Amino acid sequence: MGTYNVLKTEIECPRCKKVTEQEVDLHFGYTNEMLEFNLGDKYLWHFERDSKNGGRPESGTIDGEGYVVCELCRCDFFVSVKVRNDVIEAIEHDPTKKPFLINLL
């Protein structure tokens, strides 16, 4: 099992269409300590590593992948996490990534 960080934020689940606080799994950057973040927080990177291996991307800017299992309907979806100049600025649903779990609703 790999380590990941968690972003806690309010977002609409694209599957049940309800807005609630969700935990977004972040599998990029410095994940050794399984840190918790909120929108507006500075994101951490591994020193002396390539950006593909958790290092800081150019200008601290990346559209990183996030994974969510909805707290309400228990279905999953992917999001794009917008990090700009090392700060988590926004998230949005990523309709290009297919969910793993079957919608039970």
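Quick note: residue numbers are just sequence positions, from 1. All heavy atoms count here, side chains included; hydrogens, waters and symmetry mates do not. All values reported here derive from a predicted model rather than from experimental measurement.
Checked against side chain to side chain contact (heavy atoms under 4.5 Å, CB included), Thr61 has the following partners two or more places apart in sequence or in another chain: Ser59, Arg84, Asn85. Remark: Glu12 pairs with no residue by the salt bridge (Lys or Arg N to Asp or Glu O under 4.0 Å) rule, at least two apart or across chains. Taking the side chain to side chain contact (heavy atoms under 4.5 Å, CB included) definition, one finds that Asp86 meets it with Lys42, Trp45, Arg56, sequence neighbours left out. In terms of the salt bridge (Lys or Arg N to Asp or Glu O under 4.0 Å) criterion, Arg74 has no residue partners (sequence neighbours excluded).
Between His93 atom NE2 and Ile11 atom CD1 the span is 8.0 Å, to the nearest 0.5 Å. To the nearest 0.5 Å, the span separating CZ on Phe77 from SG on Cys13 amounts to 5.0 Å. Interatomic distance, CD of Glu65 versus CZ of Phe78, reported as 5.0 Å (0.5 Å rounding).
Nearest heavy-atom pair, Asp63 versus Ser80, reported as atom, atom and distance to 0.1 Å: CB-OG, 3.6 Å. Minimum heavy-atom separation, Gly29 to Tyr43: CA-CE2, 3.9 Å.
Using modelled atom types, one side-chain atom of Asp76 and one backbone atom of Phe100 make a donor-acceptor pair closer than 3.5 Å. Between the side chain of Asn5 and the main chain of Leu35, a donor-acceptor pair closer than 3.5 Å is present.
By the 4.5 Å heavy-atom criterion applied to side chains, Arg15 and Pro99 are counted as neighbours. The side-chain heavy atoms of Ile88 and Val83, taken from C-beta on, include a pair separated by under 4.5 Å. Between Leu39 and Glu10 the shortest side-chain heavy-atom distance does not fall below 4.5 Å.
Cluster partners of Phe47, using a side-chain heavy-atom cutoff of under 4.5 Å among ILVMFWY residues and allowing indirect links: none.
A chain of hydrophobic side-chain contacts below 4.5 Å, direct or via other Ile, Leu, Val, Met, Phe, Trp or Tyr residues, connects Leu44 to Leu7. Cluster membership check: Ile91 does not share its hydrophobic cluster with Val6, using side-chain heavy-atom separations under 4.5 Å among Ile, Leu, Val, Met, Phe, Trp and Tyr.
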Could you pull out all donor-acceptor pairs under 3.5 Å where a side-chain atom in residues 16-28 meets a protein atom, sequence neighbours excluded?
from  : atom 1 : to    : atom 2 : distance (Å)
Lys17 : NZ     : Pro14 : O      : 2.8
Gln22 : OE1    : Glu71 : N      : 2.9
Glu23 : OE2    : Lys8  : NZ     : 3.3

